[in-house]
Every structure is written in C-alpha cells, then in structure tokens.
Amino acid sequence: MSQQGISSGPEAVLVRYGELALKGDNRGEFEQALVRNIRAALEGVVAARVERAHGRIFVFPEGRVEAAARRLQRVFGIASVSPAWGAPSTPEAIERAARPVLEEAFAELPVGRKVPVRIETNRVDKKFPLPSNALDRRVAMHILRDDDPIVVELNHPELVLGIEVRAERTWLFAQRYPGPGGLPVGTLGRVVCLISGGIDSPVAAWMAMKRGCEVLYVTFHSHPYIGDNAKKKVIDLVRVLAPWQRASRLYVVPFAQAQLAIKAIGQDEYRTVLYRRMMQRIASRVAAREHAKALVTGECVGQVASQTLENLACIGAAASLPVLRPLVSFDKHETIARAIALGTYALSAVQEPDCCTLFMPRRPVIRGKLEVCETLEARLDVPALVEDALARAEILDLTPSGW
Ligand code: ATP
Ligand code: MG
C-alpha cells in the first residue's frame, strides 16, 4: 500500500458468483462451500485471507494477486474474478487511485490509438456522498489528459473501469477473468464416475463437478490381459481433473475374472452389455461405501452401437442408483472441444487397449433385451463376482498434476 491507503498495485481478488444467488435459503451454505473451496484451491499456491462481503468474496493473497486470480478461474461457482486495487472510500482517494488501474490495463493493449473506456460505479455503501453517475463523471474528469489514449465512451468501451464503493474500502479494477460458472463442488453431494481412458468419461466427470458434485472415480482394469499403461493413463487423467476439486479418490477394480465368467456364458453378442452391467453393479457398491448418491458415465445416445436407448436401458437397470450421463446430447466434436480445453484430450487420444477391447464380440447386440441379460446372468454367481472384484480393488488418493 502506498500513500494514504491507496494501493500501488492490485491488493485483492474480487470474486463474483452467479447462480448461487438463486439458491434462496441455501445461499449461506453455498457461499460457505465456495469460500472453503477457494481456500483449498489456493493452498500451496499462495497464502491468502478469504472474506465474504455482501454478494462478493474478497481474497487477500500475500503478493501474487495475479497467480491467485488465475487459480480461481478453476473454482466452480465463480462467475468471474478481478484483481482489485484498494482506496479509502472518499471521492478524492478514488479519483487518485483510478489512473494507475487503467494504465496497467493499457499495458496489455496495442499502442498508438485511442482506447474507449467506460467508468462503472457500483455503490454498495448507499451513504457514500455522491451518486454513482456523479462519481463516474468525477473520476472521468480526473483521469482524462489532453495527450491521452483514453476516450470516455459509454456504449462501446474496450475497457471498463469498475469501481465498487463499500463502507470500509473502495475497490477498483479493469480486468475481468471469466470463472467456470456452475456450483461449488460438494454442495450437491458425491457421485461415482466410471472413468475409462477414453475421451468421454473425463469430460463427463468435469461436468458433474461443474454442477456441484464431488466426484469419486472407478476404473475397471483387466490385469494381466491388459497392460499397466491403461491404468496409468486413467491415473494421469484423474490428476488432470484433480485441481477442480479438493481430493480425488480412484478405485482401480480388477475386472478380468468377471470378464472371463461372462465370456464363458458363450452368448457373444451380449458380452459388451453384460460387462457394462457388471460395471454398474460394482460402481453402485463403491458408491454405497463412499456415501455417493449417483453414478456418472460418459455415455451418449447413439454415438456407438452399444449406446442405443435399448442398450442404455439394459445397462442402467443394473445400477442401484440414478445414472447421470452429462454428455447425452453432445456430438463427438463438442466433447472433443471440451476435452481439449480441459487438457485431457492429449492423454485420452493415445490409443491403449483397455478392458472393453478384451474379448470383444464380432457383432455386439444393438437392441439388447433386459430379459435376455437376466437369463444369461442367471448362469453366473453375480454377487460373488462383485464381492471378489471389490475386495481386490486398489484405492488411490491422487493429487493434482501441474500445480
Ligand atoms: P469413453 O470415451 O469414456 O471411454 P466411449 O464413448 O468410448 O466412452 P464406451 O467405451 O462405450 O464409450 O463406454 C461408455 C462408458 O462406460 C464410459 O464413458 C465410461 O463411463 C464407462 N466405461 C467404459 N469402460 C470403462 C472402464 N474400463 N472403466 C470404467 N468405466 C468404463
Ligand atoms: Mg471407451
């Protein structure tokens, strides 16, 4: 902080949240969850104080305001963030503080032309002596200079200088970084995501987190028929997803025994659907153990032969919890675009045999029938297969990569 309490650089991150405001009675709980998640996200990045103040959250990092703001772009529930400069809440201090904020924002724009700027005051403290538009004008008069690249322009500004007047301090900012939106992770409870090394399921997991679900992962691995690379690939994917929530637990479930038993039934065309039904059962058991309320898969309607409505019905019927399919209406290219943005695509795109490619039937059933699934499964000791797989599951608690 420099003279008379006007900051000489960004001093806080102002955090805006959107949808939370719609949650009525739950609002307090959602705000607390968001504060908790913000604290957790900044752990190990920068030491910071986090405070709630009337519809905003303020983060005061010890230095490194920019790094903190960037990190918060990955916290669900946040609509946008701004590195903010502070000043005492008097018209004189505010007008003096304004210029350096704009100058820093200018540094990122091409030089040699006029930049249209709008000033936008939000008076949270209604006792402040000037109305908002009077403060806008006063600040504009103060910052304008003859030889200046700044022109004040209300309709099509390229920069907006925000001024948020609060009783204790006023905040000024010209940068707004978008947040991911959604709801704070954990506020809707836990889900179990069935994650393969493919492109779809990591995106589905991210979308469940976006809607406030804490995600726990289950992957099925057919050791020794499938090499350890398939498992490593899933671990790497979970690590890429980990910064979006606090802890990421992955169950690696051995699946070869179940697959061998299903293969032994002999009805080739039902094999894939029966594998999937077994996955749903085991994942449901993991969910019960971990107090999760739903399963999540990367399934989509009509994308591959196994994803007809009939087959999805057969598969879903084996789950004892609701199955969420966030990608249900996505075209493949939409999922790919998300995976690229998320940073999972490059990992997923590496072709690696996985349990689904093991003992693949030549002609998988397109319109499976539940009665047929059940008749075939009557030849198996399903509970024993489920118990055995669960008993041998490996549980990994994974930390984020790249932070
Ligand atoms: P993905 O890209 O996620 O693999 P996909 O389009 O290839 O999906 P399928 O291979 O039919 O579709 O798998 C459908 C869903 O079943 C996956 O999105 C995932 O949720 C689950 N799944 C498939 N294989 C596994 C596995 N080995 N472990 C855990 N879940 C799996
Ligand atoms: Mg797949």
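Indexing begins at 1, ligand by ligand and atom by atom, following the structure's order.
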Student: For F220 and ligand 1, does the shortest N/O to N/O distance drop below 3.5 Å?
Tutor: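 Yes, F220 has an N/O under 3.5 Å of an N/O on ligand 1.
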Student: Output yes when D268 and R271 qualify as a salt bridge under the 4.0 Å nitrogen-oxygen rule, no when they do not.
Tutor: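 Between R271 and D268 there is a salt bridge, with a charged N closer than 4.0 Å to a carboxylate O.
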Student: So, E371 and K369, do they make that salt bridge, N to O below 4.0 Å?
Tutor: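 Looking at K369 together with E371, the answer is no, because their closest N to O distance does not fall below 4.0 Å.
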Student: What atoms of ligand 1 come closer than 4.0 angstrom to any heavy atom of E299?
Tutor: 14 (C), 15 (C), 18 (O)
Student: Check R70 with E66, please: is the shortest side-chain N to carboxylate O separation under 4.0 Å?
Tutor: yes
Student: If you count the atoms of ligand 1 from 1 in the order shown, which ones are under 4.0 Å from a heavy atom of I199?
Tutor: 2 (O)
Student: Of the options M278, R285, M279, which is the one that meets I282 in a side-chain contact (heavy atoms from CB on, under 4.5 Å)?
Tutor: M278
Student: Of the choices P364, S196, G298, S348, which has the non-hydrogen atom that lies closest to atom 18 (O) of ligand 1?
Tutor: G298
Student: Return the CZ to CG distance between R49 and L42, rounded to the nearest 0.5 Å.
Tutor: 13.0 Å
Student: Considering only heavy atoms of D200, which atoms of ligand 1 have at least one such atom less than 4.0 Å away?
Tutor: 1 (P), 2 (O), 3 (O), 5 (P), 6 (O), 8 (O)
Student: Heavy-atom distances under 4.0 Å decide this one: backbone, side chain, both or neither, for R276 against ligand 1?
Tutor: side chain
Student: Select one of side chain, backbone, both or neither to describe which atoms of V218 lie under 4.0 Å from any atom of ligand 1, heavy atoms only.
Tutor: backbone
Student: With atoms numbered from 1 as shown, which atoms in ligand 1 lie under 4.0 angstrom from a non-hydrogen atom of T219?
Tutor: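 It comes down to these atoms of ligand 1: 28 (N), 29 (C).
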Student: Give me the atom names and distance for the closest heavy-atom approach of L342 to V240.
Tutor: O-CG1, 3.7 Å
Student: Knowing that exactly one of L327, N311, I315 qualifies, which makes a side-chain contact (heavy atoms from CB on, under 4.5 Å) with E299?
Tutor: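 When L327, N311, I315 are each tested with E299, the side-chain contact (heavy atoms from CB on, under 4.5 Å) holds only for I315.
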Student: Using a 3.5 Å cut-off on N or O atoms only, is M279 in polar contact with ligand 1?
Tutor: no
Student: Check this for me: does any side-chain nitrogen of one of R249 and D397 sit under 4.0 Å from a carboxylate oxygen of the other?
Tutor: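 Here R249 pairs with D397 in a salt bridge, since their nearest N and O are under 4.0 Å apart.
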Student: Which ligand 1 atoms are under 4.0 Å away from a heavy-atom of T297?
Tutor: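 Within the 4.0 Å cut-off of T297, ligand 1 contributes 20 (O).
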Student: Below 3.5 Å, N or O to N or O, backbone or side chain included: is there any such pair between Q307 and ligand 1?
Tutor: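 N/O-N/O distance below 3.5 Å exists for this pair.
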Student: Which atoms from ligand 1 have a heavy atom of G198 less than 4.0 Å away?
Tutor: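 Per the distance check, 1 (P), 2 (O), 4 (O).
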